[in-house]
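Note on naming: letters A, B, ... go to the chains in the order of the sequence lines (proteins, then strands), and numbering restarts at 1 for each one.
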Amino acid sequence: MKTSLTALYDNPNIWRASQRTSCEQKYALGHQPLDHALNGGIAPSGVVRISSHTGIGELSLFKAVLTEPQKHKLRVFINCPAIIQAPWLNAFGIDLKQTLAINTQSDDDALWAAEQCLKSTACHCVVLWNNRLTAKTARRLQVASTHNNALCLIFCDNPPDISLPISLDLSLHRHEKNVTVDVLKQRHGWPVKGISISLPWTPDNTAIQSAMHKSTSQQQAFNSVI
Amino acid sequence: MIWAYFYCYQLTLDAHAQCCEAQEYADPIITYSDKDNCVIQLNQAATKAGIERGHGLAQTAALCPHVNILTFDADAEKRTLTALAHRLYPLASDITLDSINGIAIRLDNLLQYYGSYDILWNVLTQEFNHAGIHYHFATAWGIEAAKLLAHQGINKCGYTQQDIARLLSTCLLKHSELDSKTLSTLSKVGIHNVGQLLRLPVHELGRRFSNTVIQYLTALRGETFPQVTLFRPSEHFESFILLPYEVENTAHLTRYITQCITALEHYLRARNLLTSLLTFTISYREGQPLIFSVSSATPQSSLSSWLSLVSLKIENITLLAPATSIALHCEQFELIEEGTTDFFSNRFTTIAQKQLIGRLKAKLGDTSTYTPALGDSHIFEQQTCTNVVTEKTVQYTAVSPTFLLNTPTPLTTSTKICFGPVRLESGWWEHLNYKRDYFIAQTDAGVRLLVFKDENQSWWVQGVYS
């Protein structure tokens, strides 16, 4: 007997909580607890919104996603917080010849540019800084990215508290050496809070400090002997 | 020799008809010359209303109050005539433009290509009809004779000597190019038409009239070879549209731009060319015209692709005053290359990339989109630039931040140093006085900044590590 629910079961956009995820290929981020919470990683297409302060390592978190796949396609950075630096991109592992930086006068122009890049099939990933994403514009970007197999990362530092029709919604906070990731919403999965990962994203003086600490303790040991 | 002369008696009206709607053209329209205060050209609806050629403005207004008036402009007529000659050039070799509304075409040397006069005539008249030009035509053994016949309004083709002579004999002298003094002298002796004039012996006339008159007469008889410069088309593409009304909104210009680009498309297709740069000139009634260019990443010729780029560009343009005309100029051409087919998908990506960059630049401006490249300097401000300066990497990239602020701002938040110091003294050869100690500092929120201490021991923030 076919129940009226069968039509719902057959729809691929609806899943049951007891089901494990679909076997779609995902980009692993490289941090085991986060990848586990995301059921393998980030989907290869769709919109990911990341709410975080600028400068806590939010771009470095997506290193594997930005550098490895589809090397012949463009990575586009729209409306960066300041002038994006070529040496950093080079050291990060992004090919400069496949990078594009766009600065627009208004947010609407930025959203238009993002949609054009996603629809052009020439981009692997569009990274956009925008604080005023509405459900309507997010839906347009989601459709454009899923239809053209491209990824869209949107960074906000002060997002409005609304739920968007996108693949993944993350929030990052830094506490000393660790970053806490909250998965606010994800496709085919549950929200998870409080995933802590260690993310070193700049050079630091720990090596020198540990060496100095070792030498002072040795000095103290030496002095105690003498 | 057989020459055909086309007297285009209403070029301004025909050009206007090209760019306005059909129902607008059904209203009475006249072309008025303010120098002579008379109506020069009029369409059918105006003739029906009772207006005739030569009427003054007051008379016209009395006969037909809602008549549409176009000002006569000799330059505009000449331009339309030149555009017509460009269209005819692929069909006929010897074309000459006469004053502002006549075209003379030599027919007898084209006979070997077309086969017979009838086919040749059909081809030429079809081109005129496609262009929408009204004309009086005639053929004769020379340009002056053909012009005389055309002005008379004969509208018949005679290809033999007898036919031409018969047609000529019926023409009135007032359509010829003789000046009024000669005409009045001739009429005093009772010579009103060309047939009578041609029967007079030449040496008698030579005694009484000037050399110019005799030259004209011998040319009329077909006894001299015409000394005219033949038309040669220009090497670039030019299209000019006089707008039927003053346009204040750029959105309304799209229709006329489409017309220009369609003409360009035909031009390119006929010559197997592509182009990647169009230049538009929008003229106002007073002041400097507005000139803007639209370039595309790849050379192309199709209307749809150019129209999408141009409409993106004109969205950002505001007209300072109502526009009176629009012109398109194109001189960079490339041949269509039969490229080898390529099975690698990367090739399509390259073209898609170029098209994307073209679209972004058309809407957002040329400086909005760039590829960051490595600069050849240790100074942070010069490490990223938009032109490719060097292929090799600068050695000191470990401390490079993700984002660099436009100018360093004073450090106000409390921070803790995590890395450094890195002393940078540079640019003394350019008198830059650059002496800074760079550190990476972390704020309480966990944000890592590129800070530096300058010579005056004050702290500045210059970048963010992301």
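Aromatic ring orientation, A:W129 versus A:F155: parallel (interplanar angle below 30°, classes split at 30° and 60°). Ring pair B:W459/B:F439 is tilted by interplanar angle, where 30° to 60° counts as tilted. Taking the six-membered ring for Trp and thresholds of 30 and 60 degrees, B:F452 and B:W460 have nearly parallel ring planes, at less than 30 degrees apart.
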Can you give the donor-acceptor pairs under 3.5 Å from side chains of residues 406-419 of chain B to other protein atoms, not counting sequence neighbours?
unit_1: B:S414; atom_1: OG; unit_2: B:D444; atom_2: OD2; d: 3.1

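Of the charged side-chain nitrogens involved, at least one lies within less than 4.0 Å of a carboxylate oxygen, so that A:D107 and A:R132 count as a salt-bridged pair.
Checked against the 6.0 Å centroid threshold, A:F92 and A:W201 do not count as a close aromatic pair.
For A:I78, no part lies under 4.5 angstrom from a heavy atom of chain B. Proximity to chain B is absent for every atom of A:Q105, based on heavy atoms less than 4.5 angstrom apart. The contact between B:I440 and chain A is made entirely by side chain atoms (from C-beta outward), counting heavy-atom distances below 4.5 Å. The contact between B:V464 and chain A is made entirely by side chain atoms (from C-beta outward), counting heavy-atom distances below 4.5 Å. For chain B, the nearby part of A:T104 is the side chain; its heavy atoms alone come within less than 4.5 Å. Heavy-atom distances place no part of B:Q355 under 4.5 Å from chain A, backbone and side chain included.
Along residues 356-366 of chain B, the residues that come nearer than 4.5 angstrom to chain A, judged on non-hydrogen atoms, are B:L356, B:I357, B:R359, B:L360, B:K363, B:L364 in order of number.
Taking A:A113, A:S52, A:C117 one by one and counting their heavy-atom pairs under 4.5 Å with chain B, the maximum is reached by A:C117. Between chain B and the options A:R174, A:H173, A:Q85, the largest number of non-hydrogen pairs under 4.5 Å is found for A:Q85. The greatest number of non-hydrogen atom pairs below 4.5 Å with chain A, out of B:T402, B:T443, B:T369, is found for B:T402.
Across all their heavy atoms, B:V451 and B:A441 have their closest contact at CG2-CB, 4.0 Å.
Under the 6.0 Å distance and 45° angle rule, B:R448 does not count as a cation-pi partner of B:Y465.
Using a 4.5 Å cut-off on side-chain heavy atoms (C-beta onward), B:T279 and B:F292 make no contact. Side-chain contact check for A:V127 versus A:V76: every heavy-atom pair is 4.5 Å or farther apart.
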